[in-house]
Amino acid sequence: MPVIFYVLKRILATVPVMAFVAIFVFLLLRLTPGDPAVAIAGDQATEEQLRQIRAALSLDQPLLVQFVTWIQQIVRLDFGKSLISGLPVSELIAQRLEPTLSIALVTISMSVLVAVPLGVLTAWKQGSWIDRGAVAFSVLGFSIPVFVIAYMLIQLFAIDLRWLPVQGFAPLSRGLGPFLSHAILPSVVLSVIYVALIARMTRAAMLDVIHEDFVRTARAKGCTEPRVLFRHALRNAAIPILTVVGTGLALLISGVVVTESVFNLPGLGRLTIDAVMARDYPVIQAMILVTSAVYVLINLLIDLAYSLFDPRIKY
Amino acid sequence: MSGPVETALSRPALLSVLSSLMTGRKGVVIGVTVAVLFAVAALSALAPLLAPYDPLALNMTARLRPSSAEHLMGTDAYGRDIFSRVLYGGRISLVIGVGATLLAVGTGLVIGLVSGFFRAADAVIMRIMDGLMAMPAVLLAVAIVALAGASVGTVLVAITIPEIPRVARIVRAVILSTRSAPFVEAARISGTRIGKLMWRHLIPSTVAPLLVQGSYVFASAILTEAVLSFLGVGISPDIPTWGNIMSEGRMFFSLRPGMIFWPALILSLVILAANMLGDVLRDHFDPRSKTGRA
């Protein structure tokens with residue numbers, strides 16, 4: 001089968017997944033017991049307010065008509081207007097994108113740079129104290145809530161040592177120094193669970209290949225140990241590691257919501273929580289759709305990347 | 001195994017599994033983690049007897065006190081005793097943890113069975129599970145709570161839904177690999193009805209992986225509840241939960257870190273115990289597996 005068919009097949013496979021997400025998000029509001037307009041406006045809402053909400057979300061139309069018009073808008077990236085500010089939701093998201101994207105990118109690059117070497121090291125020195133330490137760290141990382149780690153680090157680095165600002169965000173346009181000094185704590189906090197996840201998977205994937213014949217051959221022909229580990233073993237262990245980098249995004253997105261709340265970052269996580277507090281349903285809907293789409297898209301790209309670049313994979 | 005009809009659920013087999021678990025280092029880890037979980041459960045259940053104060057009683061003369069003999073973990077901004085609140089808070093966390101585990105494992109088991117056994121339904125069900133997994137757990141839970149109101153029941157459902165796909169996938173994988181096993185074929189050829197086939201021959205092989213995943217679901221549910229409460233979108237702040245106590249501690253964390261520290265310590269201990277229990281069970285049931293959770 002030519003490559004292009006394979007790529008198309010993979011892309012098409014995401015359609016039913018996103019379709020389910022869309023239907024779920026759509027029905028969530030409609031199937032909640034009681035009048036959705038009351039659920040949004042609260043019990044004290046006047047008849048006029050309720051009518052406005054029904055009109056804004058076209059709740060007064062038949063369900064199927066509502067769904068079709070809604071999907072048509074979504075496909076054009078029109079998520080409707082915020083019930084609170086009246087601004088288009090896509091505009092609100094665009095305004096809040098930078099802090100979230102910055103923190104996420106710093107977190108992902110930092111996590112991969114720390115976790116992959118750590119995983120390789122622990123697999124290489126399996127059973128040593130550093131291996132045990134790393135395993136203990138990863139179990140701990142899964143067990144301590146993100147916000148607790150956040151407060152411990154704020155107390156230490158921002159309040160006691162005064163090395164870093166307590167909270168807030170500085171855009172990259174204000175210079176690299178302020179940007180990094182604000183971004184570093186939230187990113188470290190977010191990294192803990194991500195590093196735990198990736199390091200654990202790297203260790204496991206390395207252990208699977210490290211006793212293979214080709215690794216012994218590489219050693220026998222005189223490769224240096226780092227070359228054996230990183231060029232020969234790691235490359236063959238890459239698929240599960242890349243996969244977990246992708247699936248771990250779900251954890252990262254959930255973590256972003258908490259981290260932005262603790263560090264008072266004006267990003268998408270804060271937008272979502274504010275929307276939840278105000279029951280601004282179009283914003284909540286859009287956030288679930290957008291984050292799911294990002295998750296599906298990145299996992300698709302990872303999937304395509306290793307099936308296209310790994311010569312062992314045939315379609 | 002004594003024969004093809006022997007199932008993992010039968011009493012002697014179950015006993016031998018249990019006794020093989022209780023040996024060596026595994027036995028120590030299992031003993032300690034189970035003891036921690038039971039201790040916290042007992043403390044929470046006996047909260048009315050053990051708590052030195054009413055967890056809701058306001059005392060404006062004793063606000064934001066540090067730890068002392070009088071108030072073991074200090075008091076909060078309304079003068080409420082944090083130790084008493086932590087004891088009572090454990091009840092909600094554990095109810096949510098146990099409830100979400102039972103719900104997620106039960107629902108996931110049914111979905112996985114149907115998906116693995118009836119191939120016609122499989123593609124559709126698995127795409128739905130993929131869709132559920134694509135939605136970030138906290139966002140999904142937050143949206144459900146926002147719409148349906150923040151009762152314990154809603155929070156429970158909101159926490160359970162994102163956990164179901166993983167359980168369903170695991171069950172499906174087990175069923176797919178078991179359904180063509182000789183003993184299942186034999187049972188099917190000899191005319192065993194579907195219900196009995198599932199109950200006697202397929203479900204028993206899911207018990208071990210479900211025990212493992214169940215421990216992870218328990219840990220994750222308690223963590224998510226704390227996160228929701230902490231964000232202010234969980235169970236009503238009138239009810240003491242570990243997340244709510246920490247959420248109220250946010251304002252005062254540099255003055256009285258204990259408001260976050262104490263609940264966090266107990267919470268992390270419980271989650272750590274559940275995670276370690278899951279890891280030990282996983283290593284025991286599948287010695288080849290060195291990988292992380294599914």
Side-chain angles (χ1 to χ4, degrees), chain A residues 13 16-21 23-25 28-29 32-33 36 39-40 138-140 142-148 151 154-155 159 197 200-201 203-205 207-208 240 244 247 249-255 257-258 261-262 272-273 275-277 279 281 284-285 287-288 291-293 295-296 299, chain B residues 123-124 126-149 162 216 219-220 222-224 226-227 230-233 242-243 246-247 249-250 253-254 257 260-261 263-265 267-276 279 289-294:
Chain A
V17 175
M18 282 316 295
F20 170 76
V21 174
I23 294 172
F24 186 91
V25 166
L28 197 56
L29 175 65
T32 307
I40 290 171
S138 87
V139 184
L140 264 181
F142 282 117
S143 307
I144 303 178
V146 183
F147 54 84
V148 174
Y151 280 117
I154 290 178
Q155 182 70 42
I159 294 173
L197 195 70
R200 204 171 154 134
M201 187 53 86
R203 175 178 182 271
L207 285 178
D208 276 340
V244 83
T247 52
L249 275 182
L251 278 178
L252 190 66
I253 294 171
S254 293
V257 177
V258 180
S261 171
V262 173
T272 312
I273 295 302
V276 166
M277 299 290 191
R279 303 188 190 198
Y281 201 68
I284 305 177
Q285 260 180 343
M287 280 310 302
I288 298 183
T291 48
S292 309
Y295 176 83
V296 167
N299 280 292
Chain B
V124 177
M126 280 303 120
R127 289 302 78 71
I128 292 179
M129 293 299 118
D130 287 347
L132 272 183
M133 283 180 85
M135 292 184 260
V138 167
L139 279 193
L140 187 60
V142 154
I144 295 175
V145 175
L147 278 171
Y216 295 146
S220 156
I222 291 186
L223 199 56
T224 311
V227 164
F230 180 80
L231 289 171
V233 291
W242 291 337
M246 291 188 276
S247 183
R250 294 177 68 167
F253 86 94
S254 60
I260 289 183
F261 174 77
L265 184 71
L267 175 82
S268 303
L269 206 60
V270 168
I271 298 173
L272 188 64
N275 275 333
M276 286 176 69
D279 285 354
S289 138
K290 298 169 295 267
T291 51
R293 53 214 66 193

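In what follows, chains are A, B, ... by sequence order, proteins preceding strands, each numbered from 1. Note: hydrogens, waters and symmetry copies are ignored here, and every other heavy atom, side chains too, is used.
Residue A:Ser261 touches chain B through both its backbone and its side chain, counting heavy-atom pairs closer than 4.5 Å. At a 4.5 Å heavy-atom cutoff, the contact between A:Leu140 and chain B is made by backbone and side-chain atoms alike. For A:Ile144, the parts lying under 4.5 angstrom from a heavy atom of chain B are both the backbone and the side chain.
You'll find the side chain of B:Phe230 reaches within 4.5 Å of the side chain of A:Val262, heavy atoms only. Side chains of B:Ser268 and A:Val148 form no contact here, defined as non-hydrogen atoms less than 4.5 Å apart. Using a 4.5 Å cut-off on side-chain heavy atoms (C-beta onward), A:Val146 and B:Val227 make no contact. Using a 4.5 Å heavy-atom threshold, the side chains of A:Phe24 and B:Leu132 count as touching. Within the 4.5 Å cutoff, the side chain of B:Met135 has no heavy atoms near those of the A:Thr291 side chain.
Counting heavy-atom pairs under 4.5 Å between each of B:Asp130, B:Val138, B:Leu272 and chain A puts B:Leu272 at the top. Chain A forms more heavy-atom pairs under 4.5 Å with one residue of B:Ile260, B:Val145, B:Ile128 than with any other, namely B:Ile128. Options A:Leu251, A:Ile273, A:Val296 differ in how many heavy-atom pairs under 4.5 Å they form with chain B, and the most are formed by A:Ile273. Between chain A and the residues B:Val270, B:Leu223, B:Leu269, the largest count of heavy-atom pairs under 4.5 Å involves B:Leu223.
In this structure, A:Ala250 and B:Pro136 approach most closely via the heavy-atom pair O-CB, 4.2 Å. What you find for B:Gly232 and A:Met277 is that their closest heavy atoms are O-CE, 3.7 Å.
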